[in-house]
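To keep things clear, I will list the structure first and then write my remarks on it.
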Amino acid sequence: MSIKVLYFASLRETLGYSHETLTLPGTIDTVAALRGHLAKRGGAWEALQEGRNVRAAINQEMVGPETVVRDRDEIAFFPPVTGG
Amino acid sequence: MSIKVLYFASLRETLGYSHETLTLPGTIDTVAALRGHLAKRGGAWEALQEGRNVRAAINQEMVGPETVVRDRDEIAFFPPVTGG
Amino acid sequence: MSRVSVQEADFDMAAETAALSAGRGDVGAVATFLGLVRADKLSGEGSEVTAMTLEHYPGMTEKSLEAIIVEAESRWSLLGVRVIHRHGRLLPGERIVFVGVASAHRGDAFAACEFIMDYLKTRAPFWKKEDTPEGGRWVDARESDDSAASRWET
Amino acid sequence: MSRVSVQEADFDMAAETAALSAGRGDVGAVATFLGLVRADKLSGEGSEVTAMTLEHYPGMTEKSLEAIIVEAESRWSLLGVRVIHRHGRLLPGERIVFVGVASAHRGDAFAACEFIMDYLKTRAPFWKKEDTPEGGRWVDARESDDSAASRWET
């Protein structure tokens, strides 16, 4: 399946990417699995490893790690929010 | 002793007085005693009887019934406040 | 500028709010409250309110509001407080009361603003009389105002 | 007028507050909150903040703020809500966020205004980066914001 991934704030700066389009194998079917998949790129990408303080949204709604990722989803990763 | 007494809002309208200067016998030495003294005038003044929902201030500070009244005090009686 | 005003005249909420943080870099939060005359305010059943007249106890009103602010300042870390309360005859939709509180953080600003309003409602000597097509009627004190104020007592 | 705005431009708090009660007789209470850039805001130790840059997630910010308002409306009896949040580069003393809530009674207005700010602080995708003489630093999320938001969960 094909998804769009967005990165924001300090995570965007750490990774050096604001967004990318990915084609995923069918085994990567949850937010947690996607994070693990990306963290395996190594280097800066280890910022996405399990246990790091990263939040996720799918199609612009906050989601937990077990939420299912579907074809054409827009998935965002970012640090805890600090607005207001 | 000589005191000034003020009446406000519905109590002022009921009594038909906004203020008066009173010379009190020495036996009238608390707010409660003063209320009883005034209520004995009868008629509309019974609005000041014990048990009626009347608040008191001495020298512009809210006080309870047992507060002592002193010479030259400014004493106010009024219903519960409803501002804001 | 004094931080308490009891006046017949209307006020400029924007200027009052701006003054609470003007020229300083330590204010991160300003909470405000604005109370307005409602046309549908009812003391029990009854009809539309055509006007409201606010009576007060000159001298004591200012003193009681100042005391409420001092109490708020002893409870929270505040950088500025402004209270304005009008008296006289007001029409529906008109401003009655303004409370503005500045602080470094929002928690202090919100709590102090609500505290000041709750105490004002039970301790500041103002009384409302509503004009209706059937005549004037004094507004009864509300039980809910007493319970709101008593929340702050430990 | 939309009740949520996410914009670079400054806003007119007086006009926004007035709009919440304009032309209606049922609003008795308007609670507002204004958040400002502090010059002394510290992420840990550090020096003066010379500017603040707010990044956000376009689209999601508006959706999340709208969802927070809908949640507030389900909890309290509200007559109007307005939320404005700025992004981009802001100087100390500049306005960041405005929340205004109109209701018949003050209890609902205060609670909903504070609830919206608490949820905004933990759920709306904005991130602050402070400029200091030593360079830029991302602001860390505060534990106190999580606990403020969790107060509202039953």
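The chains referred to below are lettered A, B, ... by the order of the sequence lines, with proteins before strands, and numbering in each begins at 1.
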Return the option, out of [options], with the maximum number of heavy-atom pairs under 4.5 Å with chain D.
{"options": "C:Gly93, C:Gly28, C:Ala14, C:Pro92", "value": "C:Gly28"}
{"options": "C:Val99, C:Leu34, C:Ile96", "value": "C:Leu34"}
{"options": "C:Cys113, C:Gly35, C:Ala148", "value": "C:Cys113"}

**Report entry** Residues C:Leu36, D:Val30; criterion side chain to side chain contact (heavy atoms under 4.5 Å, CB included); working and verdict
**Finding:** CA-CA 8 Å; C:Leu36 303 158; D:Val30 179; 4.0 Å; yes
Heavy-atom proximity to chain C below 4.5 Å, by part of [X]:
{"X": "D:Ser144", "result": "neither"}
{"X": "D:Ala104", "result": "both"}
{"X": "D:Met13", "result": "side chain"}
{"X": "D:Ala31", "result": "both"}

Just give me the residue among [options] that pairs up with chain C most often, heavy atom to heavy atom, under 4.5 Å.
{"options": "D:Val27, D:Thr17, D:Asp12", "result": "D:Val27"}
{"options": "D:Val37, D:Leu20, D:Asp145, D:Val97", "result": "D:Asp145"}
{"options": "D:Glu114, D:Arg95, D:Arg24", "result": "D:Glu114"}

Query raised in the report: At their closest point, which heavy atom of D:Asp118 faces which heavy atom of C:Arg106, and how far apart are they?
Result: OD1-NH2, 2.8 Å
